[in-house]
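Below is one structure, written out as structure tokens; the observations come after it.
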Amino acid sequence: MTRAERMESAALFAGFALLGLAQAAPSITTGDAGELAACAAGLGVPHAPGYPLYVLALKAFGTLLPLAGWAWRANLFSALCGAAALALFADALRLLGAGRTARLGAALLLGLSPLWREASAAAEVFALHALGAALLLRLVAAAGERAGDDGPAAGLGLVLGLWLGDHQTLVLIAPALLLAARIPRARLPRALAFAALGALAGLTVYAEAPLRAAAGPPLDWDHAVTARAFRRLVTRRDYGSLSLTTQGGQAGGLGLLAAEAGRSFSALAGQLGLLGSALALAGAALWRRAGLRLPAAAAWAWVIAAGPVFLMIGRPGFDAQTASALARFHLLPLMGAALFAA
């Protein structure tokens, strides 16, 4: 990495960090913000599945930077996570062969989208979620042909498992990362085994829930001190596990599947805007001419698995309340769409 490239990453991070600082909410906002900030302050266990990585990371951040109240610290944490995610995403594109205009343009497209700005302004798990996705992409890009070796495979698994402690939907980009790694078929079983071992190590972050529940924190969802209660928490049994909300999913059918897919792509178009949508469509059509060291199948797998497939599994309703809760889940497929735009 040259000095100019380091300066580019630093400038991208600093610019969006300052923008996030300027836009950060001064106190508690809507949704889960109050619960998450309070759980970080008191090392509690928030609603299922407990989000242990978020709680621990925010607790460490807020303790090391004791400015204002915990609500503002949580909002600042989101702003810095969002800025770091953009810097890592752009650097991953550099490693994959994207030119400066392409990678900075894609980062700006992401970072200035309404959804990214919202995720970077309030206490929620989604800015850290985006940071994990960008980090995984950057690790795959940096590993190159060595991605299937024992060390890189275990490292990728470790990061994925750890970040599943922030949001479990990150597993949806695993097929895209596997395609991006281009591991030879003969090497694949061993690479997957080492990745699985790394992921199991990362998933130990969930031990935070029973350990803290045993200490009796002020906020303690499901009181996961028994194996049954812990399983209930981690699998989101109170929500129906695969359902997005406590109301559960709708009945299936081809009509619903088509509607959910349409909802996903419509949301992406709304976030990208006219120019961004045109760039993404052009990138999808002209992928082979772009020269990126990334298979088109990897970008498609990212967008489709994190978007339409997620909605088809959860089958959320089309009422206003569900649509509002669903909006932030479009952040992950939006990152995939930015690959096409680059």
Side-chain angles (χ1 to χ4, degrees), residues 1 49-57 60 81 84-85 87-89 91-97 125 128-211 227 230-231 234-236 241-242 292-306 309-310 313 332-333 335-336 339:
M1 193 175 189
Y51 309 106
L53 178 64
Y54 179 86
V55 171
L56 292 172
C81 284
L88 282 174
F89 184 79
D91 198 50
L93 286 172
R94 176 187 65 83
L95 291 169
L96 292 169
V125 299
L128 184 59
H129 186 42
L131 177 58
L135 176 58
L136 284 166
L137 181 64
R138 207 277 183 189
L139 289 173
V140 168
E145 295 180 354
R146 296 184 57 252
D149 291 354
D150 296 350
L156 284 165
L158 176 65
V159 173
L160 177 61
L162 183 63
W163 246 267
L164 290 177
D166 175 65
H167 209 287
Q168 294 173 349
T169 57
L170 194 64
V171 74
L172 293 169
I173 68 168
L177 296 172
L178 185 60
L179 289 168
R182 299 186 178 188
I183 301 171
R185 185 174 298 181
R187 181 75 186 169
L188 191 57
R190 183 180 177 90
L192 290 176
F194 272 85
L197 288 173
L200 288 173
L203 285 168
T204 58
V205 71
Y206 274 97
E208 181 265 351
L211 290 174
F230 178 69
R231 186 167 60 249
V234 174
T235 60
R236 301 178 66 253
S241 293
L242 294 180
L292 287 181
R293 293 187 292 274
L294 181 74
W300 278 115
W302 187 309
V303 173
I304 292 174
V309 169
F310 166 71
I313 293 172
L332 197 58
M335 296 179 72
L339 293 172

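Index from 1, following the sequence. Because the structure is predicted, anything quoted here is derived from the model rather than measured.
- With sequence neighbours left out, Ala134 forms a side-chain contact (heavy atoms from CB on, under 4.5 Å) with Ala85, Leu88, Phe89, Met335.
- Rounded to the nearest 0.5 Å, atoms CG (Leu339) and CG (Leu96) are 8.0 Å apart.
- In this structure, the side chain of Arg182 does not engage the main chain of Glu145 through any donor-acceptor pair within 3.5 Å.
- Checking side-chain atoms of Trp163 against main-chain N and O of Leu128 turns up a donor-acceptor pair under 3.5 Å.
- What you find for Ala191 and Ile183 is that their closest heavy atoms are CB-CD1, 4.0 Å.
- Rounded to the nearest 0.5 Å, atoms CG (Leu162) and CG (Leu135) are 9.5 Å apart.
- Every residue meeting the side-chain contact (heavy atoms from CB on, under 4.5 Å) condition with Ala180, not counting sequence neighbours, appears here in chain and number order: Val140, Leu294, Ala298.
- Put simply, the side chain of Leu53 does not reach to within 4.5 Å of the side chain of Leu56, judged on heavy atoms.
- Take Ala84 and apply the side-chain contact (heavy atoms from CB on, under 4.5 Å) test, not counting sequence neighbours, and it matches Phe13, Leu131.
- With sequence neighbours left out, Gln168 forms a side-chain hydrogen bond (donor to acceptor under 3.5 Å, both in side chains) with Tyr206.
- Judged as a side-chain hydrogen bond (donor to acceptor under 3.5 Å, both in side chains), and not counting sequence neighbours, the contacts of Arg138 are Asp91.
- Although no hydrogens or angles enter the test, the distance criterion places a donor-acceptor pair under 3.5 Å between the side chain of Trp302 and the main chain of Leu332.
- Across all their heavy atoms, Val303 and Gly336 have their closest contact at CG2-C, 3.4 Å.
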Donor-acceptor contacts under 3.5 Å from residues 148-159 side chains, at least two apart:
residue: Asp150; atom: OD1; partner: Arg187; partner atom: NH2; Å: 2.8
residue: Asp150; atom: OD1; partner: Arg190; partner atom: NE; Å: 2.9
residue: Asp150; atom: OD2; partner: Arg190; partner atom: NE; Å: 3.3
residue: Asp150; atom: OD2; partner: Arg190; partner atom: NH2; Å: 2.8

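- Contacts classified as salt bridge (charged side-chain N to carboxylate O under 4.0 Å, His left out) and involving residues 165-180 (residues at least two apart or in different chains) are not found.
- For Leu197, there are no side-chain contact (heavy atoms from CB on, under 4.5 Å) partners two or more places apart in sequence or in a different chain.
- Pairs passing the side-chain hydrogen bond (donor to acceptor under 3.5 Å, both in side chains) check and including a residue from residues 191-201, sequence neighbours excluded, do not occur.
- Residue pairs meeting the ring-ring contact (aromatic ring centres under 6.0 Å, His included) criterion with at least one partner in residues 128-149, sequence neighbours excluded, are His129-His167.
- Two residues are said to be in side-chain contact when any heavy atoms from C-beta on lie closer than 4.5 Å; Pro49 and Tyr51 meet this criterion.
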